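Below, chains carry the letters A, B, ... as their sequence lines are ordered, and counting in each starts from 1. Treat the numbers as computed from the prediction; the structure is a model and nothing was measured.
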Amino acid sequence: EAQVTQNPRYLITVTGKKLTVTCSQNMNHEYMSWYRQDPGLGLRQIYYSMNVEVTDKGDVPEGYKVSRKEKRNFPLILESPSPNQTSLYFCASSSHSPDTQYFGPGTRLTVL
Amino acid sequence: GESVGLHLPTLSVQEGDNSIINCAYSNSASDYFIWYKQESGKGPQFIIDIRSNMDKRQGQRVTVLLNKTVKHLSLQIAATQPGDSAVYFCAEMLAGNQFYFGTGTSLTVIP
């Protein structure tokens with residue numbers, strides 16, 4: 001089944017404790033993105049990647065890192081999480097640009 | 001950042017009626033637009049897209065209209081069903097793979 005998977009789905013952590021949210025797609029897509037979704041603000045793009053080893057900042061990249069060492073994986077790294085990074089995070093992928101994006105199920109992160 | 005706004009945060013329609021959800025975008029350089037549907041607890045799901053060289057595109061029960069003159073996008077859902085109840089987002093794409101989403105309209109279908 002073609003899909004985008006994220007892990008973990010839920011995470012509660014404390015300020016300053018490094019964490020990684022994994023994202024993997026099995027559709028051989030070139031493009032991948034990370035978004036955060038907050039009430040009243042819609043989805044905001046954090047980072048995107050157009051190919052292996054190619055990443056670019058989106059609208060809200062501060063406090064986040066990404067890497068794209070393999071085509072299928074696009075992990076989101078929070079080196080020192082803060083409470084304002086409490087949010088619902090989505091990973092998405094598409095085969096080319098422009099094209100529709102397929103979204104993962106989301107990761108709900110709470111930073112205390 | 002770019003601003004993509006929706007005219008109404010909530011919309012209620014009677015089952016069987018047509019629904020129209022509106023969206024305003026701000027960047028005339030945007031060349032690709034998408035409508036997504038998001039059900040509670042799930043990720044956004046693609047509904048329909050349109051490129052800037054078109055002004056109308058139809059899918060199954062859905063139509064997207066693009067008015068580049070006033071930078072306005074709309075989604076029309078024909079014969080709205082209870083399963084259409086969800087939050088709908090418009091998104092615009094700028095250079096590369098840079099997307100900006102609207103804040104969403106919550107559609108409620110009344111049986």
Subject >> Residue B/F99 versus chain A: region with a heavy atom under 4.5 Å >> reply: both
Original post:
Is it the backbone or the side chain of B/Q45 that comes under 4.5 Å from a heavy atom of chain A, or both, or neither?
Top reply: neither
Proximity breakdown for [X] and chain B, heavy-atom pairs closer than 4.5 Å:
X	value
A/S33	side chain
A/Y102	neither
A/L43	both

Subject >> side chain to side chain contact (heavy atoms under 4.5 Å, CB included), paired with A/M32, selected from A/Q25, A/R72, A/K71, A/Q101 >> reply: A/Q25
Original post:
Could you state the interatomic distance from CG (B/L66) to NZ (B/K68), rounded to the nearest 0.5 Å?
Top reply: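 If we round to the nearest 0.5 Å, B/L66:CG and B/K68:NZ are 4.5 Å apart.
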Original post:
Aromatic ring centroids of A/Y47 and A/Y64 under 6.0 Å?
Top reply: no
Original post:
Any idea which heavy atoms bring B/D84 and B/A79 closest together, and the distance?
Top reply: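 Between these two residues, the closest heavy atoms are OD2-O, 4.4 Å.
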Original post:
Side-chain contact, heavy-atom cut-off 4.5 Å: B/T80 with B/L107?
Top reply: yes
